[in-house]
Amino acid sequence: MLRYIIHRLLLMLPTLFGVAVLVFFLLRLAPGDPLAMMFEGANVSKEVIEGERARLGLDQPMIVQFGKWLVGIMHGDFGVSLWTGRPVLYEIGIRLQLSLQVAIMATILAVLIAVPLGTLSAIFKDSWIDHLVRIISIAGLAVPSFWLGMIIILLLLTYFSWIPPLTFTPFFEDPWKNMSQLIWPALAVGYRYSAVAMRMMRSSVLEVLQEDYVRTARAKGVYERLVVSRHAMRNALLPVVTVVGLEFAFLIGGLVVTEQVFNLNGIGKLFVQAVARGDYTMIQGLVLLVAVFFVMINFAIDMLYALLDPRIRYR
Amino acid sequence: MDQLVENVGSDPGREQRVLTATGGSPWLLEVEDLHVHFVTTRGVVRAVEGISYTVRPGEIVALVGESGCGKSVSSLAIMRLLAKPAGRVVAGRILFEGRNLLELSDEQMREIRGRDIAMIFQEPMTSLNPVLTIGFQIMEPLLIHLGMDMKTARARAHELLKMVGIPDAERRLDQYPHQFSGGMRQRVMIAIGLACNPKLIIADEPTTALDVTIQAQILKLMQDLSRDLGIAMVVITHNLGIVARYADRVNVMYAAKMTEQATARELFAKPCHPYTAGLLRSVPRLDRARGVKLETIDGMPPNLLDPPEGCRFAPRCLAQVPESLCAQPPLVEVGPGHYSACVRAREMARVGPEGLGLARASAAVAVTKQVDRSEPIMSVRGLKTHFEVATGLKALSGGRGVVRAVDGISFDVYRGETLGLVGESGCGKTTVGRTLLRLDNPTEGQITFHGKDVTRASGEQLKQYRRQIQVIFQDPYSSLNPRMTIGEIIAEPMLVYKLQPDRKSAREKVTELLTQVGLFDYMAQRYPHELSGGQRQRVGIARALAMQPSFIVCDEPVSALDVSIQAQIINLLEDLQQKLGLTYLFIAHDLAVVRHISDRVIVMYLGRAMEIADRDALYETPLHPYTKALLDAVPIPDPLIEAQREYRVLGGEVPSPLNPPQGCVFHTRCPWASEECTKVVPELREIEPGHFAACIKV
Amino acid sequence: MPTATAPAITYKIPRRRHPVLQFMVQQPLGAAGLAFIVLMAVCALFAPWVAPYDPLDVDYSSMLAAPSADHWLGTDSFGRDVLSRIIFGARTALAVGFLASFTGSTIGAVTGVVSAYFGGKIDLVIQRIMDVLLSFPIIVLAITVVAVLGKNIILGVDVNLVVAIGLPMIPKVARVVRSSALAIRELPYIDAARTAGYSDTRIIFRHMVPNVVAPYLIMITAFVAQAILAEASLSFLGLGVTEPTASWGLMLSGAAADFYQQAPWMIVFPGIAISLAVFAFNLFGDSLRDWLDPKIKL
Amino acid sequence: TPRSGGLLKFAVGAEPPNYDCHANSSFAFIHPVRPHYNTLLKFDTTKYPAVKGDLAESWTVAKDGLTYTFRLRKGVKFHDGTTFTAEDIKATYERIRKPPQGVLSLREAAYVDISSIETPDPNTVVFKLSKPNASMLSNFASPWDCVYSAARLKKDPRFPERNIMGTGPFTFEEHVAGSHWRGRRFKDYFEKGKPYLEGFLAIFVAGAPMVNALAAGEVLAEFRGHSPADRDRIVKTLGDKAVVQESPWVCSLVVTFNTKKKPFDDARVRRALSVAIDRWGGAQALSKVALVRHVGGVLRPGYEFAANEKELMSYPGFSKDVNGSRAQAKKLLQETGVPNLTFTLTNRNVAMPYTPVGVFLIDQWRQIGVNVKHDQLETKLYLAAQQRDNPTFDAALDFNCDFMDEPNLQLLKYLSHDRSAINYAQQTDRTLDDLFDKQSGELDRKKRYAILRDFERRALDQAYTIPTIWWHRIIVTNRALKGWHITPSHYVGQDLTDVWLE
Ligand SMILES: Nc1ncnc2c1ncn2[C@@H]1O[C@H](COP(=O)(O)OP(=O)(O)OP(=O)(O)O)[C@@H](O)[C@H]1O
Ligand SMILES: Nc1ncnc2c1ncn2[C@@H]1O[C@H](COP(=O)(O)OP(=O)(O)OP(=O)(O)O)[C@@H](O)[C@H]1O
Ligand SMILES: [Mg+2]
Ligand SMILES: [Mg+2]
């Protein structure tokens with residue numbers, strides 16, 4: 001078990017290294033100069049700009065910069081933001097809590113909606129229930145989250161002259177205030193998310209219901225209710241776990257547009273800002289962070305699989 | 001089963017038992033004029049049309065017929081488990097203890113399922129829920145139907161597992177299906193079926209997916225249980241041997257209709273329907289000398305979407321009379337308890353099948369064969385093919401195991417002969433074939449073909465080799481590229497290798513090949529899914545022939561086919577061999593088929609050759625205990641012979657090739673095994689001229 | 001023994017039809033989606049004739065006009081006709097959507113098949129590369145590509161935008177196709193082709209690729225929908241299509257929200273356009289999957 | 001009558017990267033940071049562009065314009081409790097004009113004319129100039145020249161980069177990156193009774209969410225400026241709680257032509273493109289949807305040194321005869337042999353006001369048969385296209401914006417390439433340079449006005465860089481906010497000393 005975990009963790013390293021290489025060189029090979037961004041519109045001499053460049057270490061050969069960056073990472077130092085001069089990890093840290101919370105809330109919401117509705121739709125395949133659920137879920141995929149978010153806010157504003165709080169309050173400090181800010185983006189994102197999971201649940205239940213062991217269960221005289229909940233659902237959940245996991249990983253870094261619409265001080269907004277500012281170190285840190293999340297969640301999915309499916313369980 | 005071998009004699013008390021079990025009401029189950037239709041987008045499939053049969057308490061009734069004739073559907077209809085919403089019972093009655101099951105509410109029906117009627121399915125590998133423990137799956141009907149508490153249910157489950165012969169039952173209860181072998185899973189299915197002491201068990205091809213030795217174990221178990229517990233059984237099968245060995249009465253179905261009903265003895269002795277007669281004759285049998293061609297039933301079973309008018313069998317029937325007479329023959333009684341749905345049934349009862357001219361003239365022609373034994377076309381020495389696999393636990397931890405699929409095998413193949421390769425599932429037959437074809441790479445050993453070493457051939461040399469050696473696969477459904485027409489498939493090698501100068505001549509050649517394998521010219525335009533299984537197998541043969549090979553590996557080419565088609569293909573292969581001077585390596589697990597077609601036979605077990613001999617020597621005087629056990633396990637399609645036969649059931653299971661036993665690989669199941677066998681690896685020795693066996697005890 | 005009498009039941013037996021017709025009968029929802037897609041494609045193709053106005057026609061005299069007989073869906077803050085811009089926006093959406101999804105899926109499919117066919121080291125390397133791509137979240141990857149590569153417009157389509165949207169699809173398609181191809185690789189007809197000594201290229205393109213067409217087609221339709229959404233999102237963020245080109249996402253971006261009371265049509269209709277288009281593609285894709293191969297998971 | 005107390009919540013559209021006034025140039029810095037500091041002088045918001053004392057109590061300027069003497073307030077304390085003296089002023093300005101190693105100063109250029117700074121006594125500071133400079137006094141009112149503690153700077157010249165420590169009305173409380181900035185009333189502030197506010201909370205929010213926040217009353221103000229649509233929306237939702245203040249803005253959008261590239265090396269082509277723009281009509285139309293409204297030359301219309309309407313209309317491109325102008329433009333293009341000119345307008349992808357003005361310009365040029373592609377780029381790429389060594393753009397939409405009306409600032413864009421880091425047109429034109437220098441040292445307002453007209457005419461004739469439409473500043477505040485006055489610059493008047501809540 002421990003060996004397995006270590007093995008899996010070691011397997012992540014090449015992937016993460018690939019991500020690091022890609023993001024590092026992609027950024028630097030691209031046109032545009034972060035220094036130009038910093039001095040935009042200011043009437044300063046070339047010497048001043050070059051001085052700043054040297055101070056930030058951007059004048060060194062690329063490969064040296066890369067090596068330094070990697071060595072730093074190994075010591076847990078992701079460097080400082082080119083823009084603010086504060087450590088990248090600090091900047092990310094203060095925003096991660098919010099992004100994580102929204103992602104978790106959206107996940108809970110999505111699973112709560114998707115599992116029962118998806119199952120229902122599969123059981124009553126081709127009936128009006130199925131059609132309705134499918135239309136709801138496909139609509140969820142179709143409505144852009146940001147648009148839904150815009151509409152939600154505008155409706156709140158028009159009918160209640162109220163908008164969600166602009167600044168983040170940690171949940172344990174003031175749950176009410178926290179929720180009143182984050183429930184809306186969670187809803188806007190969760191709808192789409194639930195649609196993804198619902199579709200998967202439906203097709204997976206449909207498939208499982210065709211399985212021989214479901215027929216066996218029926219032949220045993222098991223109550224139909226139990227046939228679905230005990231024999232079909234658990235098997236059907238496996239692929240759903242995968243999509244939910246991947247979607248979750250996606251949300252960590254992918255709330256870009258929604259965070260923009262709701263003015264959430266999260267990872268996504270930071271990412272857009274960092275890109276806009278040409279803040280290399282920050283982008284690198286963020287991409288690597290998201291990649292770490294992604295591989296860790298994949299790892300977690302595998303673990304969950306093992307938990308749900310004895311065929312791949314280990315001792 | 002813990003005991004390795006069990007002595008089972010004939011069962012003279014069977015008739016008696018059936019009679020005493022018959023209590024007040026004569027019938028336990030009466031199926032009357034059952035019609036089942038499936039409404040699909042491609043049309044209405046009339047899967048069952050007016051079949052009727054009855055089952056007495058305690059009796060074993062067989063339902064036989066070719067694939068797709070409606071056996072499963074009729075039994076699922078009894079359980080009311082037809083696929084919804086496509087399947088529906090449109091007419092008929094199913095009386096179980098006098099109650100019409102079709103009129104019960106869903107809830108009432110659910111109560112009957114698993115409690116009064118249990119069902120066992122064909123696929124043991126997929127019929128158990130992979131995420132629930134074996135124990136729970138056995139306990140579930142107990143909890144639901146008998147309202148037991150967990151503790152008593154568990155105790156009963158334990159008892160049931162022991163009853164079906166699973167050792168170490170207590171620990172096994174907490175395991176999951178994937179930790180069980182196929183045979184053990186089927187035992188678990190039986191345990192589940194038995195859980196609530198049902199009155200009737202419907203077993204839908206319970207042993208088709210299993211090896212002969214395991215099949216014998218399972219059938220023996222079911223027979224014993226039925227006898228001891230007085231449970232009636234409906235056994236669905238297409239294997240006439242099984243019917244002969246176990247069934248009291250037989251119902252033969254053909255194309256959704258009942259064709260003949262009789263007691264087993266009567267049916268085998270005096271078939272009164274041309275179809276039954278054909279069926280009985282087209283199976284190669286272990287108890288009869290061969291040397292002649294197999295009899296066949298020509299043609300294909302009808303498509304149930306669009307069945308022929310009148311007698312369904314008429315188009316294939318050699319005894320057919322003018323069409324008007326064949327119209328919709330009803331079941332007529334030809335003897336006591338013997339019914340047949342043929343207009344000439346009474347006539348046939350009088351004069352027998354031969355009287356109607358049902359034996360084909362061609363069948364009598366003896367096959368004479370010239371095999372030049374001076375120099376082998378191919379010779380294999382010490383061949384080993386091992387696979388590195390990540391398995392189970394180790395798959396997760398990155399550890400690897402070695403599957404010794406083929407573990408040191410040597411043999412020669414001579415020009416023009418057919419070398420049979422038999423053995424149970426997983427013993428490495430396919431791997432031998434694939435290694436010869438260089439689809440898998442040998443780990444060790446040597447393959448020489450026409451005197452050239454091809455073990456590590458590559459590039460041009462390999463290409464050259466491959467033009468002379470071809471393959472025919474088991475599964476006719478997946479061995480043809482579904483996106484290419486038959487014509488394209490057959491012509492492809494000719495065009496790639498420029499065997500034909502241009503497309504036109506290639507097309508002509510395709511036509512020629514199609515004719516050669518008994519297909520029609522126009523089929524070149526069709527896609528594989530537009531052909532039946534037997535036809536596809538013929539296409540597979542034509543494709544192999546297109547390369548003009550001298551050697552063909554036939555990997556179970558007939559195992560997936562119905563008996564009537566199987567005979568056609570075997571005959572075709574033999575014809576081609578004669579005409580083209582081909583050499584075959586014929587892989588199969590059906591000993592009778594191998595016997596019929598082979599000149600020499602290799603018996604494999606766990607990657608090793610146990611015995612190699614000429615066909616007749618092997619079948620008449622088997623030397624190796626494994627060969628003997630295999631031959632014993634095969635039921636012979638004749639109840640009279642079966643009743644007199646002394647046979648032993650080989651116990652235990654085939655060990656994993658990942659971790660084969662020390663010493664003689666067979667010692668774990670061998671009735672002769674001694675201390676020494678666990679240590680010494682027996683060499684393949686020539687015991688008699690041309691007869692080799694790998695056993696220290698012979 | 002009772003003799004059997006066939007019950008007199010008659011069914012309306014559907015005739016064998018053309019596959020397209022068959023699809024329409026069996027998948028009414030999918031057919032509705034398809035119909036809408038066709039409608040949209042026709043509008044996009046013939047946009048200059050279908051649209052009542054030139055989408056670039058700035059008319060300061062009729063700014064923010066409400067829907068009327070002149071302007072069915074009103075005008076925007078430059079007095080441009082919203083309907084015309086939506087119709088021309090369909091061009092952008094479909095062009096980017098199809099190109100991105102087609103190139104992404106095609107590259108992904110070929111990669112997947114190659115990876116599955118060769119297995120071993122090649123497979124391992126390809127899979128690691130796909131892992132790397134997959135660990136970049138779609139939008140992040142897209143933003144990076146757009147921000148890094150800028151614009152590169154060929155024949156009116158921003159190639160870099162297509163790359164940005166199509167790139168993240170590659171590993172996803174490759175994964176799905178690879179697993180299909182892995183199964184196909186084990187099938188006897190591939191063995192037969194290998195025994196016949198055909199070249200790898202021939203086996204891959206003649207025998208394997210045509211048999212992963214089902215997942216490929218399904219992924220393409222699904223990804224057109226995703227690509228349309230991605231284009232809208234990127235344009236909304238100001239990273240995609242730029243003014244004055246008509247694009248649905250762009251129509252919602254910037255100050256559009258600020259006109260929502262004054263001119264709600266500016267934010268409602270483009271949103272509906274995106275939703276309907278994506279909805280139609282998903283509906284069609286879903287039904288296509290149900291019809292072709294329900295086992296494919298997206 | 002002002003009341004004390006209360007927390008002012010206001011929105012800021014961006015966020016300062018660090019805390020050093022001398023190294024920053026964005027309004028996003030001024031709005032949260034300025035309340036923590038004082039400057040020597042400051043603008044009187046009610047009488048802009050007049051200046052008044054901040055840390056200086058009074059001042060005198062020598063006749064020759066070469067000596068500036070300031071008397072400083074007494075009893076001024078830094079937030080850390082130390083006393084403010086003339087040394088602090090000296091240290092601050094030395095840091096700006098001659099930044100020590102590792103310190104960044106963006107406004108060295110404004111003070112090149114200073115030759116020395118003297119502190120005869122703790123309450124007096126004397127600036128000596130090497131030559132007269134017409135903008136010197138306004139410079140001393142620059143909101144960027146935060147006065148730091150000399151003691152702190154001595155210990156660490158880069159101290160202000162990470163710390164807020166001034167004499168201003170508010171002390172620093174917290175800055176949560178990406179979210180908000182909080183200041184609290186400085187109890188020992190030198191102006192008794194001020195500031196009125198108990199504290200302020202600057203929330204970083206932009207775009208539609210910011211407008212939503214204003215409309216919902218979640219924040220009381222945003223001090224940069226709104227588009228007319230924003231204004232209408234906020235007013236509509238807030239109703240009578242909204243107070244609107246408007247003013248012309250010291251910002252304009254200009255088009256720069258890459259004079260290194262053909263055909264933009266030809267003044268006639270550039271002039272044609274300038275003439276083709278109907279500035280008067282466009283200003284009127286765009287003012288409904290964008291934050292631009294005023295037609296002006298190189299200086300903000302309404303500013304004392306700006307051209308009046310009559311003078312303006314005599315410049316190329318400022319005629320009110322649209323058709324005549326277009327015909328003239330077409331003719332010019334014809335003459336130069338590029339009647340069917342096609343080029344790319346490089347714009348930045350900022351919605352307001354770049355997009356509407358870009359769309360407007362393209363439409364204008366379309367009317368004379370010029371086909372223009374609109375390339376709205378991410379800022380980084382936008383800047384890369386205009387980079388000084390190797391510019392790739394054809395024409396670009398740029399903005400010209402500074403913290404006050406002052407030819408010395410506004411005309412920098414029009415100076416020769418080698419004299420101005422913010423000239424992207426890449427031209428070298430010594431005539432313009434000479435005119436610039438002349439007006440810069442001209443203390444006589446009349447004469448300076450005349451020189452500026454010559455400069456303006458030449459700039460518009462050559463059309464290296466052409467003004468399009470000047471911005472219009474609209475501020476909607478919540479009625480609860482009092483004591484705040486709009487000025488043409490969103491950089492000045494933001495110390496929040498005189499602001500109170502009702
Ligand atoms: N769900 C279904 N939908 C449509 N047709 C069906 C369905 N199930 C069975 N059939 C058709 O009904 C006919 C009878 O099928 P059935 O499964 O009973 O055959 P079988 O005799 O059990 O064959 P096998 O030996 O292959 O198991 C076949 O033609 C089959 O195609
Ligand atoms: N590619 C492979 N990788 C790992 N193990 C393999 C591979 N191919 C075959 N095996 C294993 O090798 C053993 C022999 O397999 P093989 O297919 O040759 O048996 P077989 O005799 O043909 O069985 P069957 O009758 O079921 O077809 C089996 O245990 C199988 O699981
Ligand atoms: Mg069946
Ligand atoms: Mg095999």
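Here is how names work: the chains are called A, B, and so on, in the same order as the sequence lines, proteins then strands, and each is numbered from 1.
The pair D:Arg348-D:Asp375 does not meet the salt-bridge criterion, since no charged nitrogen lies less than 4.0 angstrom from a carboxylate oxygen. A salt bridge between D:Lys98 and D:Glu108 is absent, with no side-chain N of the basic residue lying under 4.0 Å from a carboxylate O of the acidic one.
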**Message:** Would D:Arg97 and D:Asp145 count as a salt bridge (Lys or Arg N to Asp or Glu O under 4.0 Å) here? Give the steps.
**Reply:** CA-CA 11 Å; D:Arg97 73 189 188 103; D:Asp145 300 348; over 6 Å; no
**Message:** ring-ring contact (aromatic ring centres under 6.0 Å, His included) for A:Phe66 and A:Phe25? Distances and angles first, verdict last.
**Reply:** CA-CA 9 Å; A:Phe66 184 63; A:Phe25 292 100; 5.1 Å; yes
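Between the A:Asn263 side chain and the D:Pro209 main chain, no donor and acceptor come within less than 3.5 Å of each other.
Of all non-hydrogen atoms in D:Leu238 and D:Gly217, the two that sit nearest each other are CD2-N, 4.3 Å.
Residues D:Ser252 and D:Asn400 bring no donor and acceptor atom of their side chains to less than 3.5 Å of each other.
No close placement of the A:Phe78 and A:Trp69 rings is indicated, their centers lying 6.0 Å or farther apart. Two rings, from D:Trp249 and D:His490, have their centers less than 6.0 Å apart. Taking the six-membered ring where the residue is Trp, the centroids of D:Tyr19 and D:His175 are separated by under 6.0 Å. Taking the six-membered ring for Trp and the full ring otherwise, the centers of A:Trp83 and A:Tyr280 sit at least 6.0 Å from each other.
Per-residue heavy-atom pair counts under 4.5 Å with chain A were compared for D:Leu412, D:Leu104, D:Leu201, D:Thr237, and the maximum is reached by D:Leu104. When each of D:Arg162, D:Lys9, D:Gln101 is scored by its heavy-atom pairs under 4.5 Å with chain A, the top score falls to D:Arg162. When each of D:Val176, D:Asp398, D:Val205 is checked for heavy-atom pairs under 4.5 Å with chain A, D:Val205 comes out on top. Note on D:Ala421, D:Cys401, D:Pro17: by heavy-atom pairs under 4.5 Å with chain A, the leading option is D:Pro17. With respect to chain A, the highest number of heavy-atom pairs below 4.5 Å among D:Lys236, D:Gln387, D:His180 belongs to D:His180. Each of D:Asn423, D:Thr379, D:Asn18, D:Asp402 has some count of heavy-atom pairs under 4.5 Å with chain A, and the biggest count is that of D:Thr379.
Only the side chain of A:Glu52 comes within less than 4.5 Å of a heavy atom of chain D; its backbone N, CA, C and O stay farther away. With a 4.5 angstrom heavy-atom cutoff, A:Asp33 touches chain D only via backbone atoms. For chain A, the nearby parts of D:Leu106 are the backbone and the side chain; heavy atoms of each come within less than 4.5 Å. For chain A, the nearby parts of D:Ile422 are the backbone and the side chain; heavy atoms of each come within less than 4.5 Å.
Interface with chain D: from residues 163-177 of chain A, residues A:Ile163, A:Pro165, A:Leu166, A:Thr167 qualify, criterion being any non-hydrogen pair under 4.5 Å. Of residues 94-107 of chain A, those residues lying under 4.5 Å from chain D by any heavy-atom pair are A:Ile94, A:Arg95.
For the atom pair A:Met150 CE and A:Gln260 CD, the distance stands at 11.5 Å (nearest 0.5 Å).
Ring planes of D:His31 and D:Phe27: perpendicular class, angle over 60° (limits at 30 and 60°).
Annotation: side chain of D:Val211 is in contact with side chain of D:Arg233 (closest heavy-atom distance under 4.5 Å).
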